[in-house]
Protein chains: 4
Amino acid sequence: MNRFGERFAFSTFGESHGVALGCVVDGVPAGLAIDEAFIQGELDRRKPGQNAFATARKEGDVVQILSGVFEGLSTGTPIAMVIYNGDQKSKDYENVKNIFRPGHADYTYFHKYGIRDYRGGGRSSARETAARVAAGAIAKLMLRELGITCKSGVCAVAGIEGLAEDFDYAMQSEIFALDLRAEAAQKAAILEAKNAHDSVGGVVKVRIEGAPAGLGEPMYYKLDALLASAMMGINAAKAVEIGEGVEAAKMRGSQNNDPLTCKGFESNHAGGILGGISNGDAITLKVHFKPTPSIFIAQQTLNTSGEEVECALKGRHDPCVAIRGSVVCEAMAALVIADMALLNMGRKMDALKRYYA
Amino acid sequence: MNRFGERFAFSTFGESHGVALGCVVDGVPAGLAIDEAFIQGELDRRKPGQNAFATARKEGDVVQILSGVFEGLSTGTPIAMVIYNGDQKSKDYENVKNIFRPGHADYTYFHKYGIRDYRGGGRSSARETAARVAAGAIAKLMLRELGITCKSGVCAVAGIEGLAEDFDYAMQSEIFALDLRAEAAQKAAILEAKNAHDSVGGVVKVRIEGAPAGLGEPMYYKLDALLASAMMGINAAKAVEIGEGVEAAKMRGSQNNDPLTCKGFESNHAGGILGGISNGDAITLKVHFKPTPSIFIAQQTLNTSGEEVECALKGRHDPCVAIRGSVVCEAMAALVIADMALLNMGRKMDALKRYYA
Amino acid sequence: MNRFGERFAFSTFGESHGVALGCVVDGVPAGLAIDEAFIQGELDRRKPGQNAFATARKEGDVVQILSGVFEGLSTGTPIAMVIYNGDQKSKDYENVKNIFRPGHADYTYFHKYGIRDYRGGGRSSARETAARVAAGAIAKLMLRELGITCKSGVCAVAGIEGLAEDFDYAMQSEIFALDLRAEAAQKAAILEAKNAHDSVGGVVKVRIEGAPAGLGEPMYYKLDALLASAMMGINAAKAVEIGEGVEAAKMRGSQNNDPLTCKGFESNHAGGILGGISNGDAITLKVHFKPTPSIFIAQQTLNTSGEEVECALKGRHDPCVAIRGSVVCEAMAALVIADMALLNMGRKMDALKRYYA
Amino acid sequence: MNRFGERFAFSTFGESHGVALGCVVDGVPAGLAIDEAFIQGELDRRKPGQNAFATARKEGDVVQILSGVFEGLSTGTPIAMVIYNGDQKSKDYENVKNIFRPGHADYTYFHKYGIRDYRGGGRSSARETAARVAAGAIAKLMLRELGITCKSGVCAVAGIEGLAEDFDYAMQSEIFALDLRAEAAQKAAILEAKNAHDSVGGVVKVRIEGAPAGLGEPMYYKLDALLASAMMGINAAKAVEIGEGVEAAKMRGSQNNDPLTCKGFESNHAGGILGGISNGDAITLKVHFKPTPSIFIAQQTLNTSGEEVECALKGRHDPCVAIRGSVVCEAMAALVIADMALLNMGRKMDALKRYYA
């Protein structure tokens with residue numbers, strides 16, 4: 001179950017304090033130019049240790065392609081990529097070796113698998129998302145050829161919401177802020193929480209442009225359903241909205257329906273999706289991230305023997321996981337769209353006949 | 001792609017104005033008592049035409065089991081169920097035969113498949129959800145044997161939110177209201193919109209109790225990810241929240257983390273899921289439904305020839321799809337948990353050895 | 001696990017003595033003309049009770065389409081088909097109600113599911129293959145549009161092998177014999193065994209013409225691997241050969257390699273498949289069926305209490321399952337090729353770009 | 001499609017002349033002791049360059065585990081293994097850079113993907129099977145804990161068939177011969193062909209002991225169907241037989257049925273499988289391999305421009321791929337059984353209830 005997607009599919013492996021992590025991307029059409037610098041660039045966007053708003057863990061996150069590319073082009077065979085772990089400083093975890101960290105997956109992994117990998121987050125660590133970003137970079141390369149772009153940014157931090165939606169600005173912002181005017185307050189909120197040994201939540205927006213109408217496979221592989229799965233599966237995500245999202249539930253049909261004209265839809269409350277299928281408009285969604293569970297304030301918890309103990313974490317953690325999470329949302333969105341683009345082929349008999357003519 | 005689930009899997013078929021719709025449930029363990037009256041009862045909860053708050057379309061929704069059950073017990077083979085359509089009054093759709101209905105899937109289906117089934121919603125109609133409810137009833141029967149219950153109700157209509165969470169009351173409320181005190185205002189809002197030829201949105205809560213810790217398959221079949229997919233794939237759903245959901249993004253880690261004591265978790269902001277795996281606490285989620293797109297106010301749209309026309313719908317439609325949607329949410333939740341319960345077996349080597357000892 | 005295929009996928013349901021059996025075909029491209037008479041005709045070819053060489057069980061095998069077709073065309077939604085059981089004369093099984101029939105699946109189903117459906121073969125009955133033939137007929141309709149044909153026939157019965165490979169003659173032969181000159185001896189062998197209350201085995205050949213080069217998905221969904229799975233999964237199949245098959249293992253490379261010229265391959269030892277991918281030549285395979293396990297000679301067996309008893313079957317059974325099995329092989333082959341044809345789309349980047357241009 | 005299995009699943013990546021090849025094994029129950037020396041030992045059995053009967057290509061085939069194991073135990077997360085290619089001497093292929101090699105997959109890959117990886121077999125090379133053997137070793141470790149063993153050996157070479165079935169002897173034979181008395185003649189046949197710049201075919205037997213009754217998932221994931229798929233998907237395999245196989249088709253029912261007594265089955269024509277489900281007896285199968293297509297005799301073929309040319313191969317190739325193929329058959333058999341063992345859990349309601357009690 002460490003695999004995602006049907007036709008453009010990827011699987012990931014690796015733990016935060018193991019030898020390496022990586023992914024295998026299966027189903028990439030042959031003949032796609034694989035720009036390694038672009039893939040590395042995407043990883044660098046997600047990479048920790050770059051400023052005060054992310055964990056200080058240092059990782060080169062250097063990706064190596066092991067297969068599936070020949071003379072710069074995809075061959076149609078699986079593209080395996082590996083990232084060796086550099087900074088495996090797991091001694092930060094020694095004092096919580098036998099203590100369940102509140103808000104963390106160590107409690108549930110222990111109950112599910114009966115194994116305690118006390119070195120750190122292990123498989124449940126957000127470090128795993130580096131592999132998703134590598135896979136997502138391949139998806140973005142493919143989508144680029146089809147004129148489809150995926151962009152992301154942070155719209156809210158600690159409840160401080162920006163109004164603007166400037167995805168280009170987000171690319172240069174240290175916290176991927178979508179609104180320059182909200183950025184300073186958002187940064188201040190992060191640092192304040194950090195100094196208080198606490199953490200904050202945040203909200204990410206994703207916008208996909210250029211997707212043709214027709215993507216999404218009803219009934220149980222709808223575009224919105226798969227996007228929801230992709231986003232909710234990201235570490236710390238607790239809510240996903242498509243288009244107008246929670247606001248739509250407060251509206252009347254006459255407000256929420258998007259009128260259709262010769263020039264296209266007059267509004268986009270739907271977020272570009274109707275009946276689980278893209279309608280040709282921009283696909284928009286929001287992902288809500290809880291505050292990082294790793295905080296340095298003492299907390300009530302249990303140890304593996306079932307005794308009540310106080311948990312006092314050490315180490316280096318993101319004060320706001322939504323920041324780097326935005327890069328992951330974008331990667332996952334690209335992976336979903338790439339899969340849908342392949343799945344949609346052959347849905348019409350005439351296209352099939354043309355293909356084999 | 002009309003299939004959902006891995007081990008406890010179901011697929012559905014059928015259109016709103018076709019001969020019949022139904023489902024095939026695959027993976028039901030052998031030896032489960034199949035209570036047909038219970039299945040029919042679940043369908044009756046979702047059935048239209050029962051009061052002023054739902055469409056007047058009359059459907060008996062009588063389910064017939066075609067296979068997989070012998071002498072009242074599941075045999076381990078696929079359980080096929082069929083519901084023949086009674087009221088196929090598709091002449092309501094004659095005046096919109098060539099007109100794309102705003103907010104509907106007919107536009108996207110047409111672009112995807114190149115086919116226009118002008119008889120009505122077709123496959124994209126909420127009528128399809130009857131098949132999900134039938135499948136969900138089997139899941140609920142299985143979960144009952146494991147001491148797991150799934151309940152649902154409507155917490156908000158047209159922005160009017162109830163505070164109480166009384167799932168027992170919801171069972172008897174005409175609008176499945178969770179809060180008796182909000183119910184009257186919620187009903188009034190529905191009728192007001194209906195009289196104005198308009199519609200309203202609503203919000204559904206689902207609560208799963210008795211689920212053991214350990215359900216959910218990381219990385220890409222996490223419990224929350226699959227629940228998100230299951231819910232977002234329901235007609236008109238536009239947002240899904242797990243536990244504290246969107247509110248979590250506004251909190252600090254010290255507030256949002258659930259302290260763990262010998263008696264269990266002290267709070268449940270997590271909604272019973274950590275790292276995509278159930279933690280033994282109640283699993284809670286919210287689904288936001290947009291207002292029914294089918295309204296009787298004239299709207300701007302295109303016809304299939306690409307000309308701008310006015311759309312004037314006739315017929316019978318739910319003024320608030322969230323109401324009957326709550327039964328569907330509950331069914332889908334049960335189906336997800338059933339699948340997860342089967343998938344979780346064999347995750348530990350000692351359990352596997354015990355099984356084959 | 002009652003589902004087969006990835007893109008052109010089908011699932012089946014139903015037991016030999018239940019209410020009905022049927023299939024749901026998912027992934028049929030929209031716009032395919034669905035010729036119901038053709039589907040019924042395919043079922044009629046497989047139908048029992050037509051001559052002395054098959055079981056006397058009378059079944060109309062009338063198929064009804066429940067969904068997925070509108071105005072004679074596939075709509076892209078699941079095509080559900082149902083065949084109600086007519087002749088449910090399960091009293092033939094009363095004397096073996098608690099007795100495991102040698103060579104049958106009742107022993108293994110009992111151990112797997114802990115349930116004994118003593119009415120007859122149940123899910124393991126060859127009756128289930130009617131549903132496959134219905135699904136296969138849809139596949140054949142699609143392949144016909146692409147210029148691909150699947151043909152089958154019986155090449156050997158009871159060790160009596162024909163030399164000719166006349167698929168047109170097989171269509172009119174009561175035993176689907178590929179060689180007119182061997183037919184009489186083959187028929188005689190069947191009747192002789194039948195009169196001796198025994199049964200015989202047989203061998204089926206399948207030939208697929210017109211398939212383009214490029215079908216088959218390495219590594220683990222190769223064309224030959226999937227054909228092998230499809231054929232070996234048919235009731236009573238015990239061996240599958242591709243092309244030269246078992247003979248290839250006795251040859252030298254210089255004999256077995258097929259020389260390639262401007263006019264195509266000079267021979268076809270490969271059976272049209274290289275590296276698991278079709279090479280454009282005819283795809284050929286053979287399926288070996290064991291003799292029908294249902295014989296009327298007394299046999300040593302156990303009852304469900306574990307006591308040794310004599311099994312004396314009554315009823316009506318095919319003296320040679322390979323005969324009607326050939327229609328099933330042909331259907332399964334068509335289903336495999338249809339799936340492969342859809343899967344192959346989008347394997348090249350330039351095709352993907354052309355599709356979305 | 002480079003993935004195999006449902007619950008105990010693996011995917012592979014890598015080309016013969018690329019950086020590395022490897023596999024990711026997903027679904028291994030947590031708590032399994034991972035014996036790295038055993039895994040390496042399995043790879044060493046398959047490794048080329050060890051004697052005159054295999055290719056002279058030298059490969060260390062040193063496997064490195066990247067994830068999924070902690071303190072010697074599986075953690076339940078994906079186990080990734082990588083084997084870096086050492087001897088990438090692809091200059092052997094320079095003279096056939098633009099020439100399709102008869103009997104090879106380069107022709108079909110070129111047609112499917114539009115890409116020519118002229119360095120050698122690439123993804124279609126038998127070198128890929130090293131990754132399967134690594135994955136299979138994990139499966140064997142798991143099966144060992146359940147008392148299930150998989151053994152293999154070569155029963156025929158160039159039509160020279162051994163009668164004995166000594167799997168222990170095969171372990172020490174240079175050609176994995178099952179019959180000591182046939183071994184010398186078989187070896188001579190290989191060397192004779194090799195000296196004639198030609199190659200020979202061979203046949204492998206696999207025997208699985210200790211498997212409980214009940215493994216196999218009808219209808220379309222039957223044990224025999226999946227074994228057939230697993231075996232036919234191995235490079236150069238052209239036929240698969242279960243139990244009596246092709247001989248069964250020549251027998252009568254009274255001969256072929258296996259009588260059942262209190263002590264078990266009196267014979268095993270069925271090869272341990274009835275109705276696609278294991279019956280508790282030994283599971284037996286045979287795989288027929290064509291002669292290695294890479295021969296040094298000049299052959300007629302085409303180049304990539306479609307011109308007729310003579311193909312004169314150089315390099316190092318196995319004179320009989322069945323030899324090393326037997327190790328791969330064994331690995332694939334173990335992988336199938338491991339998957340089936342996990343899938344079978346939860347097939348009975350009482351087992352499910354016991355699990356969650």
Side-chain angles (χ1 to χ4, degrees), chain A residues 1-4 102-103 105 108 111-114 124 159 198-199 201-203 213-214 217 219-222 224-225 228-229 232-233 238-242 245-246 248-254 256-257 259-262 274-275 277 279 288-293 295 297 300-302 308 347-348, chain B residues 1-4 102-103 105 108 111-114 124 159 198-199 201-203 213-214 217 219-222 224-225 228-229 232-233 238-242 245-246 248-254 256-257 259-262 274-275 277 279 288-293 295 297 300-302 308 347-348:
Chain A
M1 318 300 276
N2 288 274
R3 177 182 169 99
F4 188 86
T108 53
H111 278 81
K112 184 174 191 72
Y113 297 110
S124 74
D198 213 335
S199 63
V203 186
E217 302 295 313
M219 277 286 137
Y220 301 113
Y221 214 69
K222 287 178 173 175
D224 41 10
S229 167
M232 198 67 97
K238 296 303 283 185
V240 181
E241 304 180 68
I242 303 290
V246 299
K250 299 172 189 163
M251 293 163 85
R252 286 208 168 179
S254 54
N256 186 62
N257 283 349
L260 188 50
T261 73
C262 288
L274 288 170
I277 302 173
N279 65 12
H288 298 255
F289 288 89
K290 72 178 185 182
T292 321
I295 56 174
I297 299 169
Q300 166 67 44
T301 190
L302 295 179
E308 297 191 347
R347 280 314 184 210
K348 295 179 191 168
Chain B
M1 317 300 279
N2 288 273
R3 177 184 169 97
F4 188 87
T108 52
H111 277 82
K112 185 175 191 70
Y113 298 109
S124 74
D198 212 335
S199 63
V203 185
E217 302 295 312
M219 275 290 135
Y220 302 113
Y221 214 69
K222 287 178 172 175
D224 41 10
S229 166
M232 197 68 96
K238 297 303 283 185
V240 180
E241 304 182 68
I242 303 290
V246 299
K250 300 171 188 163
M251 293 163 83
R252 286 207 168 180
S254 55
N256 186 62
N257 283 350
L260 187 51
T261 73
C262 288
L274 288 169
I277 302 173
N279 65 13
H288 298 256
F289 288 89
K290 72 177 186 183
T292 321
I295 56 174
I297 299 170
Q300 165 68 45
T301 189
L302 294 181
E308 297 192 347
R347 281 316 184 209
K348 295 178 190 168

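Naming: A, B, ... by sequence-line order, numbering from 1 per chain. Quick caveat: nothing in here was measured; it's all calculated off a predicted structure. Scope of the values below: all heavy atoms of this structure, side chains included, with no hydrogens, waters or symmetry mates.
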Would you say [X]'s side chain and [Y]'s backbone share a donor-acceptor pair under 3.5 angstrom?
| X | Y | answer |
| --- | --- | --- |
| A/K238 | B/G245 | no |
| A/N256 | A/M251 | no |
| B/N257 | A/P293 | yes |
| A/E241 | A/V246 | yes |
| A/E308 | A/L302 | no |

> Which one of B/S124, B/A213, B/A248, B/G159 has the most heavy-atom pairs closer than 4.5 Å to chain A?
Replying inline: B/A248
>> Can you tell me which of B/H288, B/M1, B/K250 forms the most heavy-atom pairs within a distance under 4.5 Å of chain A?
In response: B/M1
> If you look at every heavy atom in B/M232 and A/I242, which pair is closest and at what distance?
Replying inline: CE-CG1, 3.5 Å
So for [X], is it side chain, backbone, both, or neither that comes closer than 4.5 Å to the heavy atoms of chain A?
| X | value |
| --- | --- |
| B/K290 | both |
| B/S254 | both |
| B/D224 | both |
| B/I295 | side chain |

Using a cut-off of under 4.5 Å on heavy-atom pairs, state which of [options] scores highest against chain B.
| options | result |
| --- | --- |
| A/P102, A/A249, A/A239 | A/A249 |
| A/A105, A/G233, A/S229, A/G114 | A/S229 |
| A/D198, A/V203, A/N279, A/T301 | A/D198 |
| A/P259, A/G275, A/S199 | A/S199 |
| A/G103, A/C262, A/G202 | A/C262 |

With a 4.5 angstrom heavy-atom cut-off, could you sort out which part of [X] is near chain B: side chain, backbone, both or neither?
| X | value |
| --- | --- |
| A/T292 | backbone |
| A/R347 | both |
| A/F289 | backbone |

>> Run the salt bridge (charged side-chain N to carboxylate O under 4.0 Å, His left out) test against A/K348 and tell me which residues pass, sequence neighbours left out.
In response: none
>> My understanding is that only residues two or more places apart in sequence, or in another chain, count here; which of them pass salt bridge (charged side-chain N to carboxylate O under 4.0 Å, His left out) with A/R252?
In response: B/E192
